[in-house]
Visitor: 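One structure, as structure tokens, below. Some questions next.
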Amino acid sequence: MKMKKDIWLGLNERARKSLVSRDYKTGPLAQRISDSGVDAGDLVAPRARAELKKVWIPGVEIFSRTVFPQRHRGSFGELARESEGILGKIGLRPRQWSAARMFANSAKGFHIHPPSIPDDTTAERWLRRLFVMQSQKYSLRPYDREQWDVMFFLQGRAEIFLRDARAGLPKRTMRFFVDGDNHRNRNNVGIVIPPGVAHAIRAEGSEDVITVYGTSTTFQPEFEGRIASEIETAELPAPWRRFLSDK
């Protein structure tokens with residue numbers, strides 16, 4: 001059907017001036033990963049790594065998982081096997097495993113863990129050596145002295161935000177969507193997050209998000225830094241505060 005020159009003639013002038021069109025065009029994957037976000041499944045495809053090389057945060061790993069249906073019972077999915085897969089390749093063997101639940105419509109973060117820098121060099125030189133010059137020499141990584149995270153999602157849907165804040169490395173952002181095991185699809189992934197990379201999670205949809213995550217060190221409060229995490233400490237409504245503060 002041929003459209004008229006102005007399809008909004010039926011609206012009054014004020015409404016017409018207020019109109020805004022939404023752009024439904026999708027840009028390149030490398031642009032969307034730091035802008036509107038992408039499906040996690042797009043980041044584990046073989047072509048993705050080459051296309052995203054210039055925007056990928058060094059040290060971050062996103063690897064696919066298979067969740068098997070068990071008819072009339074539920075599902076089954078492996079997390080990781082020692083010395084196999086991505087964790088085996090990079091030599092990461094978590095020393096502590098934990099579980100967390102996020103209510104629907106809630107968010108967590110940003111959180112960040114400090115990189116361990118040797119005394120005989122600068123942070124910039126050390127981090128460039130680990131993640132640029134000798135990025136494949138995983139034995140250099142001091143897993144026992146800094147907290148690396150590996151995350152798995154068992155339930156719900158989540159939006160992940162990663163921001164590189166390490167000295168001497170480009171300020172890159174990765175934003176993507178992950179699905180829990182109860183939604184079997186290509187977005188069932190595991191995620192490795194290096195220290196110095198700030199991370200936040202936002203529950204996507206109407207169900208709680210349940211995660212299982214391993215850390216390269218046991219929990220140490222001094223390793224837990226927070227950046228722009230006020231979303232976790234939202235104030236009570238003003239009338240409530242006035243009532244509770246009334247002496």
Side-chain angles (χ1 to χ4, degrees), residues 34 37 40 56-63 79-80 86-87 90-119 121-124 126-128 130-131 138 140-178 180 189-204 208-236:
S34 60
W56 195 277
I57 296 176
V60 168
E61 302 285 353
I62 301 174
F63 53 96
L79 298 182
I86 291 295
L87 299 189
I90 67 176
L92 176 56
R93 295 176 176 82
R95 296 181 62 185
Q96 178 175 326
W97 289 95
S98 306
R101 180 175 189 164
M102 290 177 57
F103 292 141
N105 303 313
S106 67
K108 178 185 296 186
F110 279 85
H111 302 82
I112 195 167
H113 312 300
S116 176
I117 308 300
D119 294 333
T121 187
T122 65
E124 291 84 354
W126 175 247
L127 293 171
R128 284 188 57 81
L130 282 186
F131 297 105
Y138 305 115
L140 290 176
R141 297 178 177 180
Y143 292 129
D144 59 332
R145 299 194 300 276
E146 56 187 19
Q147 181 175 320
W148 287 63
D149 294 340
V150 52
M151 294 184 178
F152 301 96
F153 291 78
L154 305 186
Q155 176 182 292
R157 290 187 162 103
E159 184 177 15
I160 313 299
F161 297 82
L162 305 180
R163 175 69 171 179
D164 200 341
R166 290 170 292 187
L169 297 184
K171 295 178 180 179
R172 294 173 176 170
T173 299
M174 295 176 66
R175 180 179 178 183
F176 53 94
F177 297 86
V178 177
V189 300
I191 307 165
V192 174
I193 305 175
V197 175
H199 43 286
I201 304 174
R202 183 163 62 177
E204 172 80 4
D208 294 355
V209 173
I210 297 177
T211 63
V212 168
Y213 61 98
T215 54
S216 59
T217 60
T218 55
F219 176 71
Q220 300 182 48
E222 62 270 24
F223 281 5
E224 188 78 8
R226 294 171 179 269
I227 301 175
S229 62
E230 292 82 1
I231 193 169
E232 298 180 3
T233 56
E235 291 188 351
L236 295 173

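Everything quoted here is computed from the prediction, not taken from an experiment. If you read the sequence from its start, that first residue is 1, and numbering goes on from there.
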Visitor: What's the separation between atom CD1 in I193 and atom CD1 in I57, rounded to the nearest 0.5 Å?
Guide: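 I193 atom CD1 to I57 atom CD1 measures 9.0 Å (nearest 0.5 Å).
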Visitor: Does S216 use its side chain to pair, donor to acceptor, with the backbone of L92 at less than 3.5 Å?
Guide: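 Pair absent, no side-chain N/O of S216 close to backbone of L92.
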Visitor: Looking at CZ of R163 and CZ of F110, how far apart are the two atoms once the value is rounded to the nearest 0.5 Å?
Guide: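 These two atoms lie 9.0 Å from each other.
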Visitor: Examine R166 relative to F131 and say whether NZ or CZ is less than 6.0 Å from the centre of the six-membered ring and inside a 45° cone about the ring axis.
Guide: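 That pair qualifies as a cation-pi contact.
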Visitor: Donor-acceptor check, side chain of S106 to backbone of F103, threshold 3.5 angstrom: yes or no?
Guide: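 A pair under 3.5 Å: yes.
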Visitor: Can you name the salt bridge (Lys or Arg N to Asp or Glu O under 4.0 Å) partners of R141, sequence neighbours left out?
Guide: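 Counting only residues at least two positions away or on another chain, R141 forms no salt bridge (Lys or Arg N to Asp or Glu O under 4.0 Å).
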Visitor: Nearest 0.5 angstrom please: I62 CD1 to M174 CE, how far?
Guide: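 The CD1 atom of I62 sits 4.0 Å away from the CE atom of M174.
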Visitor: Hey, does the side chain of T233 reach the backbone of E230 with a donor-acceptor pair shorter than 3.5 angstrom?
Guide: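 Here the side-chain-to-backbone pair exists.
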Visitor: Any luck finding a side-chain donor-acceptor pair between Q220 and T218 under 3.5 Å?
Guide: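 Q220 vs T218: no donor-acceptor pair found between side chains.
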Visitor: Working to the nearest 0.5 angstrom, can you tell me the gap between D164 CG and T173 OG1?
Guide: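 If I round to the nearest 0.5 Å, the distance is 9.0 Å.
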Visitor: Under a plain distance cut-off of 3.5 Å, with no hydrogens placed, do R95 and T217 share a side-chain donor-acceptor pair?
Guide: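 T217 vs R95: no donor-acceptor pair found between side chains.
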Visitor: Okay, side chain of W126, backbone of S116: is any donor-acceptor separation there less than 3.5 Å?
Guide: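 Checked: pair present.
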Visitor: Going by ring-ring contact (aromatic ring centres under 6.0 Å, His included), name the residues that satisfy it together with F176, two or more places apart in sequence or in a different chain.
Guide: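 Result, ring-ring contact (aromatic ring centres under 6.0 Å, His included) vs F176: none returned.
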Visitor: Do the rings of H113 and H199 sit parallel, tilted or perpendicular, given the 30° and 60° boundaries?
Guide: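 Judged by the thresholds at 30° and 60°, the geometry between H113 and H199 is tilted.
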Visitor: Flag yes if more than 12 heavy atoms outside R128 fall under 6.0 Å of its CZ atom; otherwise flag no.
Guide: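 Open: at most 12 neighbouring heavy atoms sit under 6.0 Å from CZ of R128.
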Visitor: Would you list the pairs meeting salt bridge (charged side-chain N to carboxylate O under 4.0 Å, His left out) in which at least one residue belongs to residues 98-109, sequence neighbours left out?
Guide: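 Checked against salt bridge (charged side-chain N to carboxylate O under 4.0 Å, His left out) - neighbours excluded - the pairs reaching residues 98-109 are R101-D208.
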Visitor: Which distance, rounded to the nearest 0.5 Å, do you find between the CD1 of I210 and the CZ of F153?
Guide: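 Result: 12.0 Å between the selected atoms.
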Visitor: Is the backbone of F177 close enough, under 3.5 Å, to the side chain of E204 for a donor and an acceptor to pair up by distance?
Guide: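 Pair absent, no side-chain N/O of E204 close to backbone of F177.
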Visitor: Kindly compute the distance separating CZ (R175) from CG (L162), expressed to the nearest 0.5 Å.
Guide: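 The CZ atom of R175 sits 12.0 Å away from the CG atom of L162.
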